[in-house]
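Letters A, B, ... are given to chains in the order of the sequence lines, protein chains preceding strands, and every chain is numbered from 1. Atoms considered below: every heavy atom in the structure, side chains included; atoms not considered: hydrogens, waters and symmetry mates.
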There are 2 protein chains.
Amino acid sequence: MMMAGLRERKKDQTRRRISQVALRLFDERGYDQVTVNEIAEAAGVAKVTVFSYFPTKECLVTDGVQDDMAAIVTGRPEGCSPIGALRAHYRATAAPVTTDMDVETLITRIRVISSSPALLAAVYGAQMSRRHELAAALAGGREPDLTAHLMAAQITAAITTLQEAFFQRLAVGAPLEEAAGRLAGDVELAFDLLEHGLTHTEEEQHEKGHQL
Amino acid sequence: MMMAGLRERKKDQTRRRISQVALRLFDERGYDQVTVNEIAEAAGVAKVTVFSYFPTKECLVTDGVQDDMAAIVTGRPEGCSPIGALRAHYRATAAPVTTDMDVETLITRIRVISSSPALLAAVYGAQMSRRHELAAALAGGREPDLTAHLMAAQITAAITTLQEAFFQRLAVGAPLEEAAGRLAGDVELAFDLLEHGLTHTEEEQHEKGHQL
DNA sequence: TTCGAAAATGAACCCGGTATGGTTACGCTG
DNA sequence: CAGCGTAACCATACCGGGTTCATTTTCGAA
């Protein structure tokens, strides 16, 4: 195994071509103004082939933009609180913006998603579904109680909001470095709110400073 | 105005008939297994008429199951914190389960929604949009900053989770009174978590007691 | 070289939702 | 009561996302 035969290579190639073409068209004319037929034609395949690679039109954009939170919690090092693990994770990913894919492509994806209500709703719907996994991870094996579910919901909501703010800056045209820099501070703010509650006034939050 | 002519009465009647028939069919066979054509036929109208009353198939179930949060915050009495107002509101609605509609119908709706991933995702997506309104209300006129958005996100997530838990108990068959009673306690727990943070351990939360 | 299987295809189909153009019946006004 | 404007309703055709299926192409292994 692991011998990349011609067949596998062609498959990967086709998949990439479809997704690239789709992203370009979406970016040019807007998600809703592009039909799957057009994508197929522009990519030189049949409609049914597009759907054989991507189960839905949405997946052409959203594939691989999901987060793993539950895995972060279950895989956290010994003696580390769940929230601590999550804070550390997002603190770490904020700085270098570690991404295994082309940054330009990622930004385009974000732009496309942010500017389509349908896509936004889909992404949020999907993330909501994952809350249950996070709740299970937080409960650590036991059946998650209401507290676990509430924590999972709040954490998910906070992360989503962070991403939203980050994406918003990128979509507006802010350079990647600046957006990442702000994100770092935002992560600390968000987790402070999560850990210490909303009744902490803004002054208190600020006077604490966002000690890295 | 307010003079209910025959025309208006017929309209209301038709609308109600469509929604009732749809709900019954959904409950019997599942949301995805019922087509709009079937609903129309069973209700004795044309498909286009169904869509003239309800913009989407989802709305046949989700219409009127939304919450108002932003209004609660903006309309809160003098000297009352936003979170305090929300806590008071949900504390109040938990006990009598004040609903202007048939309880049995409401429960059926909930059952249908809970058992359809598509509907759940739709509801979550819709609630997402309302977060921005709540954030604006929290900011009180000024442009909402990240803190406001984070608070709105957390609050919305918590409320959603409460409803989910409540609905879950009803769907499982718990009597309305028992579910409402538990909901009252859950509301206090949720707002304690919101106000004081997730790092409060469960023992602390419980030792505080849920003082009404 | 041959053969099984994976990949791709075209065409028909289903369903949610929209557009159009026409019919019915309510309600107002004279 | 006559008649007219209009709101509600309808049938039909259409569009786009997504599925099914039977058929053909293409790769890889024996």
Inset, instruction - Decide, yes or no, whether a salt bridge links A:D12 with A:R17 under the criterion of side-chain N to carboxylate O below 4.0 Å. - result: no
Inset, instruction - Not counting sequence neighbours, list each pair that qualifies as a ring pair (Phe, Tyr, Trp, His ring centres under 6.0 Å) and has a residue in residues 105-148 of chain A. - result: A:H132-A:H149
Legend entry - Degree of bending in the helix from C:dT1-D:dA30 to C:dG30-D:dC1 once both end axes are built from five pairs, to 10°: 0°
Inset, instruction - May I ask you to list the residues of residues 47-54 of chain B, by number, that have any heavy atom positioned under 4.0 Å from an atom of DNA chain C? - result: B:K47, B:V48, B:F51
Legend entry - Qualifying ring pair (Phe, Tyr, Trp, His ring centres under 6.0 Å) pairs, either residue in residues 55-75 of chain A, two or more places apart: none
Legend entry - Protein-nucleotide distance (B:N37, atom CG; D:dC10, atom P), rounded to Å: 13 Å
Inset, instruction - Answer yes or no: does a side-chain N or O of A:K11 lie under 4.0 Å from OP1 or OP2 of C:dA7? - result: yes
Legend entry - Set of residues satisfying side chain to side chain contact (heavy atoms under 4.5 Å, CB included) with respect to B:L119, sequence neighbours excluded: B:Y31, B:E58, B:V61, B:T62, B:V112, B:I113, B:S116
Inset, instruction - For A:A46 and for B:P55, find the nucleotide of DNA chain C with the closest heavy atom, then tell me which residue's nucleotide is more 5'. - result: A:A46
Inset, instruction - Kindly state which residues belonging to residues 23-31 of chain A come within less than 4.0 angstrom of DNA chain C, counting heavy atoms of the residue only, listed by number. - result: none
Any protein N or O atoms within reach of nucleotides 24-26 of chain D? Criterion: under 3.5 Å, listing atom names and distances.
residue: D:dT26; atom: O2; partner: A:R7; partner atom: NH2; Å: 3.4

Inset, instruction - Quick one: which residue pairs count as a ring pair (Phe, Tyr, Trp, His ring centres under 6.0 Å) with a foot in residues 172-194 of chain A, not counting sequence neighbours? - result: none
Legend entry - side-chain N/O A:T35 vs D:dC15 OP1/OP2, d < 4.0 Å: no
Inset, instruction - Applying side chain to side chain contact (heavy atoms under 4.5 Å, CB included), name anything that partners A:A136, two or more places apart in sequence or on another chain. - result: none
Inset, instruction - Any side-chain hydrogen bond (donor to acceptor under 3.5 Å, both in side chains) involving residues 34-53 of chain B? Give me the pairs, sequence neighbours left out, ordered by first then second residue. - result: B:R29-B:E38
Inset, instruction - Give a yes or no answer on whether the side chain of A:R131 reaches the backbone of A:A153 with a donor-acceptor pair at less than 3.5 Å. - result: no
Legend entry - Residues in salt bridge (charged side-chain N to carboxylate O under 4.0 Å, His left out) contact with B:E28, at least two apart in sequence or another chain: B:R24
Legend entry - Basic-acidic side-chain contact under 4.0 Å: A:D32, A:K57: no
Return all side-chain donor-acceptor pairs below 3.5 angstrom for residues 168-180 of chain B, not counting sequence neighbours, or 'none' if the list is empty.
residue: B:R169; atom: NH1; partner: B:D186; partner atom: OD2; Å: 3.3
residue: B:R169; atom: NH2; partner: B:D186; partner atom: OD2; Å: 3.1
residue: B:E178; atom: OE2; partner: B:R182; partner atom: NE; Å: 3.3

Legend entry - Step-by-step side-chain hydrogen bond (donor to acceptor under 3.5 Å, both in side chains) determination, B:T160 to B:Q127: CA-CA 9 Å; B:T160 300; B:Q127 277 176 343; 3.0 Å; yes
Legend entry - Minimum side-chain heavy-atom gap A:R15-A:D63 below 4.5 Å: yes
